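Data block below; observations after.
On a predicted model such as this, the values are computed, not experimentally measured, just so you know. Computed from heavy atoms alone, side chains included, the values below leave out hydrogens, waters and symmetry copies.
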Amino acid sequence: MRRTFDVQLEQLHVDLIKMGSLCEEAISLSAKMLQEHEEQLEKKIFPLEEEIDQMERQIETRCMRLLLQQQPVARDLRAISAALKMISDMERIGDQAADIAELAPYLGNAAKNDVLPIGEMARATVSMVTDSVEAYVKENIELAWKVMKEDDVVDALFQKLKEDLTQLIRKSEIGAETALDLLMAAKYFERIGDHAVNIAEWVEYSITGEHKKSEIESNL
């Protein structure tokens with residue numbers, strides 16, 4: 001019985017890694033679309049979003065089967081419960097990557113401005129998503145804590161971008177409407193970072209039984 005449960009739990013880990021990889025790819029493509037103005041990338045991002053949605057349903061079904069058929073307790077129960085919460089955050093990450101892609105056509109070459117840390121924000125959030133999923137699979141609480149700390153980096157980059165945009169507007173080097181679109185794209189990256197932190201907090205819960213209150217508002 002335990003052997004069957006372990007096999008199913010391992011498949012859950014495989015599915016989570018795949019869903020995390022899809023999220024990473026979606027974020028990377030949306031950032032590339034912003035900076036390189038390659039509108040054809042949109043054809044790749046939206047199918048990715050749909051696949052992420054499918055993975056959420058698939059993993060949810062697997063988790064419910066594990067809960068109903070195996071009736072896990074203690075740490076195993078926390079691990080499955082955490083996975084159910086994590087996939088919701090990953091699904092939202094996919095949505096927000098698609099939201100960034102939708103903004104890209106309206107920005108032209110504005111996101112290529114070397115002053116603006118859009119690319120740096122994208123790389124940081126991809127790293128956070130990767131590490132948060134890996135922390136769950138490897139039951140690595142130190143890696144989960146690392147993700148939580150990295151959120152400060154993304155927040156600082158967002159603050160820098162706001163300040164940089166203000167200066168560019170004052171110098172008439174960028175239009176107000178374009179600046180608002182760039183700010184919204186950056187806000188989506190910041191939210192992706194918040195979702196990665198939320199995943200890391202569920203990792204902490206799965207290992208320790210304690211969960212910090214998420215910083216993400218329920219309506220995001």
Side-chain angles (χ1 to χ4, degrees), residues 1-29 44-98 124-151 191-216 218 220:
M1 192 72 166
R2 179 69 203 190
R3 171 60 181 166
T4 299
F5 176 81
D6 287 342
V7 170
Q8 292 176 340
L9 195 60
E10 179 60 29
Q11 186 57 54
L12 173 61
H13 290 168
V14 170
D15 288 345
L16 282 167
I17 291 170
K18 180 179 178 180
M19 189 174 180
S21 297
L22 292 171
C23 289
E24 295 161 27
E25 186 178 358
I27 302 166
S28 298
L29 286 173
K44 296 182 179 180
I45 293 172
F46 293 108
L48 275 175
E49 182 194 10
E50 292 177 5
E51 192 171 356
I52 289 168
D53 290 344
Q54 291 172 1
M55 287 295 301
E56 181 191 25
R57 292 190 291 270
Q58 178 180 320
I59 293 172
E60 184 178 38
T61 299
R62 187 178 299 281
C63 286
M64 295 307 297
R65 284 177 179 169
L66 282 168
L67 290 172
L68 294 173
Q69 296 175 2
Q70 304 296 336
Q71 298 181 345
V73 295
R75 189 160 176 169
D76 290 335
L77 176 59
R78 294 200 304 270
I80 297 169
S81 299
L84 280 168
K85 296 291 187 178
M86 289 165 58
I87 58 174
S88 177
D89 281 285
M90 285 195 276
E91 189 274 333
R92 290 182 182 179
I93 287 171
D95 288 346
Q96 285 158 359
T125 53
V126 167
S127 176
M128 289 174 70
V129 172
T130 302
D131 288 346
S132 62
V133 176
E134 185 176 346
Y136 174 82
V137 172
K138 295 185 177 180
E139 298 184 342
N140 187 331
I141 196 167
E142 286 81 11
L143 190 55
W145 289 338
K146 176 175 175 283
V147 172
M148 296 178 200
K149 291 178 181 177
E150 286 175 349
D151 191 45
R191 288 177 180 175
I192 289 170
D194 288 342
H195 286 301
V197 169
N198 206 27
I199 293 170
E201 289 174 353
W202 283 112
V203 173
E204 182 180 42
Y205 165 76
S206 72
I207 297 171
T208 68
E210 298 179 1
H211 177 256
K212 296 176 183 177
K213 184 178 179 181
S214 171
E215 295 180 358
I216 305 175
S218 60
L220 294 183

> Sequence neighbours excluded, which residues qualify as salt bridge (charged side-chain N to carboxylate O under 4.0 Å, His left out) partners of Glu150?
Replying inline: Lys146
> Is any side-chain heavy atom of Leu12 closer than 4.5 Å to a side-chain heavy atom of Cys63?
Replying inline: yes
>> Just to verify, what does Glu134 make a side chain to side chain donor-acceptor pair (under 3.5 Å) with, not counting sequence neighbours?
In response: Lys138
> If only atom types and distance count, is the side chain of Tyr136 paired as donor or acceptor with the main-chain N or O of Ala79 below 3.5 Å?
Replying inline: yes
>> To check you understand the geometry: which heavy-atom pair defines the closest contact between Ala82 and Ser206, and what is its length?
In response: CB-CB, 3.9 Å
> Can you list every pair that meets salt bridge (Lys or Arg N to Asp or Glu O under 4.0 Å) and has a residue in residues 56-70, with sequence neighbours left out?
Replying inline: Asp15-Arg62
> Do you know the tightest heavy-atom contact between Glu204 and Trp145?
Replying inline: OE2-NE1, 3.1 Å
> Between atom CZ of Phe5 and atom CD of Gln69, what is the distance when rounded to the nearest 0.5 Å?
Replying inline: 11.5 Å
>> For a side-chain contact (heavy atoms from CB on, under 4.5 Å) check, start with the C-alpha distance between His13 and Leu9, then their side-chain angles and the critical distance, and finish with the verdict.
In response: CA-CA 6 Å; His13 290 168; Leu9 195 60; 4.2 Å; yes
> Quick one: OG1 on Thr125 to CG on Asp151, what's the gap to the nearest 0.5 Å?
Replying inline: 10.5 Å
>> If I take atom CG from residue Asp95 and atom CD1 from residue Ile192, how far apart are they, to the nearest 0.5 angstrom?
In response: 10.0 Å
> Which of these, Ile199, Leu16, Ile52, sits in a side-chain contact (heavy atoms from CB on, under 4.5 Å) with Ile87?
Replying inline: Leu16
> In Å and rounded to the nearest 0.5 Å, what is the CD to CE distance from Gln54 to Met19?
Replying inline: 11.0 Å
> Where is the tightest heavy-atom contact between Glu49 and Gly94, given as atom of each residue plus distance?
Replying inline: CG-O, 4.0 Å
> Between Leu143 and Ala135, what is the shortest heavy-atom contact and its length?
Replying inline: CD2-N, 3.7 Å
>> For the CE atom of Met86 and the OG atom of Ser88, what is their distance to the nearest 0.5 Å?
In response: 11.5 Å
> Closest approach of Ala200 and Ser132, non-hydrogen atoms and distance?
Replying inline: N-CB, 4.2 Å
> Under 4.5 Å between any side-chain heavy atoms of Val203 and Val133, yes or no?
Replying inline: no
>> Minimum heavy-atom separation for Val129 and Cys23, please, with both atom names.
In response: CG1-CB, 4.2 Å
> Could you give the distance from CD1 (Ile27) to CD (Glu24), rounded to the nearest 0.5 Å?
Replying inline: 7.0 Å
